[in-house]
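All values reported here derive from a predicted model rather than from experimental measurement.
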Amino acid sequence: QVQLVESGGGLVQAGGSLRLSCAASGRSFIGYWMGWFRQAPGKEREFVANIRLIDGITYYADSAKGRFTISRDIAKRTVYLQMNSLKPEDTTVYYCAARVRDRSSQAVSEYDYWGQGTQVTVSS
């Protein structure tokens with residue numbers, strides 16, 4: 001089992017920045033992909049970015065490219081999402097997830113563990 005705990009959400013003005021953190025505990029997770037997703041009320045959960053922990057390979061949704069950066073600190077068992085140039089449409093709950101597979105995936109259903117989510121609110 002893996003437990004994931006997100007932090008770092010909050011209220012920020014448009015154009016500002018936030019850094020989300022996802023701390024993992026439990027079994028070793030070095031072979032995993034870790035991802036960030038987000039879900040607005042009434043909408044499906046959507047992929048934001050993911051990273052392969054063993055070598056740092058990353059993928060981003062088009063909405064995140066150029067503004068968000070995913071990174072990891074293996075020693076701290078923590079994955080980060082640095083979000084810059086935030087827009088009001090980035091307002092939603094952000095979730096951290098872990099995938100115990102070799103291949104990357106952007107599908108919600110293919111992630112095995114989830115955090116509880118952290119709220120990000122961007123004011124205009």
Is the shortest side-chain heavy-atom distance between E44 and F37 below 4.5 Å? no

Heavy-atom check, side chain of E110 versus side chain of R99, under 4.5 Å: yes

Say whether, by atom type as modelled, one donor and one acceptor occur between the side chain of S109 and the main chain of A107 under 3.5 angstrom. no

Using a strict threshold of under 4.0 Å (side-chain N to carboxylate O), is an ion pair present between D55 and R52? yes

Does R67 use its side chain to pair, donor to acceptor, with the backbone of S63 at less than 3.5 Å? yes

Which heavy atom in A24 sits nearest to a heavy atom in L4, and how many Å separate them? CB-CD2, 3.7 Å

Apply side chain to side chain contact (heavy atoms under 4.5 Å, CB included) to the pair L18 and L86, showing each step before the final yes or no. CA-CA 8 Å; L18 282 175; L86 283 162; 4.2 Å; yes

Partners passing side chain to side chain donor-acceptor pair (under 3.5 Å) against S25 (at least two apart in sequence or in another chain): Q3

Cluster check I51, V100: I/L/V/M/F/W/Y, side chain < 4.5 angstrom: yes

Looking only at non-hydrogen atoms, find the nearest pair between C22 and W36 and report the distance. CB-CZ2, 3.6 Å

Are R45 and Y111 packed together at the side-chain level, in the sense that at least one heavy-atom pair is separated by less than 4.5 angstrom? no

May I ask you to decide if A40's main-chain N or O and T92's side chain share a donor-acceptor pair within less than 3.5 Å? yes

Separation between OH (Y113) and SG (C96), nearest 0.5 Å, reads 13.0 Å

Under the side chain to side chain contact (heavy atoms under 4.5 Å, CB included) test against I70, which residue among V48, L20, V79 passes? V79

Within the structure provided, determine whether Q119 and T91 are in side-chain contact (heavy-atom separation under 4.5 Å). yes

Restricting to non-hydrogen atoms, name the atom on A98 and the atom on M34 that form the minimum distance, rounded to 0.1 Å. CB-SD, 3.5 Å

Which residues satisfy the side chain to side chain donor-acceptor pair (under 3.5 Å) test with N84, sequence neighbours excluded? S17, Q82

Does NZ or CZ of R103 come closer than 6.0 Å to the centre of the six-membered ring of W33, within 45° of the ring's axis? no

Run W114 and V108 through side chain to side chain contact (heavy atoms under 4.5 Å, CB included) and show every step you take. CA-CA 10 Å; W114 291 87; V108 171; 3.6 Å; yes

Would V2 end up clustered with V5 when hydrophobic side chains under 4.5 Å apart are linked, directly or stepwise? no

F47-Y59 aromatic ring centre distance below 6.0 Å: no

Sidechain N-carboxylate O distance under 4.0 Å for E46, R38: yes

Between CD on residue E6 and CG on residue L81, distance to nearest 0.5 Å: 11.0 Å

Which residues pass the side chain to side chain donor-acceptor pair (under 3.5 Å) test with S104, not counting sequence neighbours? N50

Give a yes/no verdict on a cation-pi contact between R72 and Y80, requiring under 6.0 Å between NZ or CZ and the six-membered ring centre and an angle within 45° of the axis. no

So, do D90 and F68 sit near enough that their side-chain heavy atoms are less than 4.5 Å apart? yes

Just so I know, are the side chains of Y60 and T69 near enough to count as touching, which here means a heavy-atom distance under 4.5 Å? yes

Any I74 side-chain heavy atom under 4.5 Å of L53 side chain: yes

